[in-house]
Amino acid sequence: MNAAATHAVLSAHPRASLDEAERQTASIDRSGYVPPSFADGVIFAQSIDDVVLAMKLAHEHGAVIVPRGAGTGLAAGSSAQAGQIVLDMSRMDKILHIDPVEATALVQPGVINAAVNQAAGEHGLFYAPDPASTAICSIGGNIATNAGGMWCAKYGVTRESVLSLLVVLPDGQLLRTGRRTIKGVAGYDMNALMIGSEGTLGIVVEALLRLRPKPKHTATLVAYFPDEDTAAQAASAVIAQRLTPSVLELMCGKTLKAVDAALGTEHESLAAPCCWRRPTAMGHSWKCRRCAMRSLRWPGASNWPRMPKKPRR
């Protein structure tokens, strides 16, 4: 731990804070892990120049920088302790541009995942990666951890929805990765290298996201099985029929019991575990889709898949 190095960086950066409460808050995430000490200071970046300056100073003095998004991670990836500086990106939270023709969104790293979807929805589009914390997690954090979510069964994880990045490297240099088009085959795939690197290779300060047409209809089907093996076989059978759902989730008996205890439901009594799927359609009539879904047989299901009477939009 180099207190002199962190002091030099914090003294020279105009966005730095030594406030004890802010240091404590910035040093922990939602993992529940509490470090033995807290970061020496926090830099609240508001622009690309703020990040560039922070990294240049850290590189010059040999200080340790811990990047932080919304702090919703469950793996203590953004936790920090004495001898380190937290670089907080949450104030860089603007949606810079949405292009409904190219189906892209240019955003800053601190923008919330759900905010991107809300803005894209006004153009009949949506951003596919949907972590469980979508209402509170940031795009920068999603990119750093290559976050997934239940929609990844059909649309893939974050890596499949990021076209280009602007990254500040450890020495303060700017690097643009990827491309602005869906197809891009020239050169090294630096985008894939950066996504999931958790800030160890650079700090994302701008991202061009790929948007997709919003499904016109969705429905949720649930089936219950006597054991996990049978449920897993049913899930494989669904994929084998080439009817790829947007969501395909298996919940074991213990999970159903916990859900029942929390919500007052009776899922476990119907049998355990359960497997639920959400098919989507891009323009087929609801009546035709109901017939198609009813033709799908769930091997070993002890209860027939349940369906809503009308589409949920």
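Please read these numbers as outputs of a predicted model, since none were measured by experiment.
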- prompt: To the nearest 0.5 Å, how far apart are CD in Q81 and CG in D40?
  reply: 10.0 Å

side-chain hydrogen bond (donor to acceptor under 3.5 Å, both in side chains) contacts touching residues 51-77 (sequence neighbours left out): none

query: Got a donor-acceptor contact below 3.5 angstrom from the S138 side chain to the G141 backbone?
result: yes

statement: Here the salt bridge (charged side-chain N to carboxylate O under 4.0 Å, His left out) pairs for residues 8-34, sequence neighbours left out, are R15-D50

message: Nearest 0.5 angstrom please: F225 CZ to M251 CE, how far?
response: 13.5 Å

field: Qualifying residues under side chain to side chain donor-acceptor pair (under 3.5 Å), relative to N191, sequence neighbours excluded
entry: T177

query: Should we count NE2 of H7 as having more than 12 external heavy atoms under 6.0 Å?
result: no

message: A side-chain contact here means heavy atoms from C-beta on lying under 4.5 Å apart; do I239 and P245 qualify?
response: yes

Heavy-atom donor-acceptor pair, Q241 side chain to V238 backbone, under 3.5 Å: no

query: Can you list the steps and then say if S161 with Y155 is a side-chain contact (heavy atoms from CB on, under 4.5 Å)?
result: CA-CA 8 Å; S161 292; Y155 300 105; 5.6 Å; no

Which residues share a side chain to side chain donor-acceptor pair (under 3.5 Å) with T134, sequence neighbours left out: N113

Which residues share a ring pair (Phe, Tyr, Trp, His ring centres under 6.0 Å) with F38, sequence neighbours left out: none

message: Checking D130 now: which residues fulfil side chain to side chain donor-acceptor pair (under 3.5 Å) with it, not counting sequence neighbours?
response: W151

- prompt: Does any non-hydrogen side-chain atom of P35 lie less than 4.5 Å from one of I28?
  reply: yes

- prompt: Does one hydrophobic cluster hold both M55 and L10, with members joined at side-chain heavy-atom distances below 4.5 Å?
  reply: yes

Over 12 foreign heavy atoms within 6.0 Å of CD, Q173: no

- prompt: Out of curiosity, N146 CG to T158 OG1, how far, rounded to the nearest 0.5 Å?
  reply: 5.5 Å

- prompt: To the nearest 0.5 Å, what is the distance between CG (L57) and OG (S11)?
  reply: 10.0 Å

- prompt: Got a second to check how far L208's CG is from H97's NE2, nearest 0.5 Å?
  reply: 9.5 Å

message: According to salt bridge (charged side-chain N to carboxylate O under 4.0 Å, His left out), does anything in residues 92-121 pair up with another residue at least two apart or in another chain? List the pairs.
response: none

- prompt: So do the side chains of Q108 and I48 get within less than 4.5 Å of each other, counting heavy atoms only?
  reply: no

task: Quick one: list whatever passes side chain to side chain donor-acceptor pair (under 3.5 Å) with D49, sequence neighbours left out.
output: none

query: Please, which pairs that meet salt bridge (charged side-chain N to carboxylate O under 4.0 Å, His left out) have at least one residue in residues 170-195, sequence neighbours excluded?
result: R176-E206

message: Nearest 0.5 angstrom please: S47 OG to L53 CG, how far?
response: 9.0 Å

query: Which ILVMFWY residues can you reach from L165 by hopping between side chains whose heavy atoms are under 4.5 Å apart?
result: I95, I98, V107, V111, V116, L125, Y127, I139, I143, V162, V167, L169, L175, Y188, M190, L193, M194, I195, L201, V204, L209, L211

- prompt: How would you list, by chain and number, every residue that makes a side-chain contact (heavy atoms from CB on, under 4.5 Å) with A54, sequence neighbours excluded?
  reply: H13, I43, L87

query: Rest of the hydrophobic cluster containing V101 (Ile/Leu/Val/Met/Phe/Trp/Tyr, side-chain heavy atoms under 4.5 Å)?
result: none

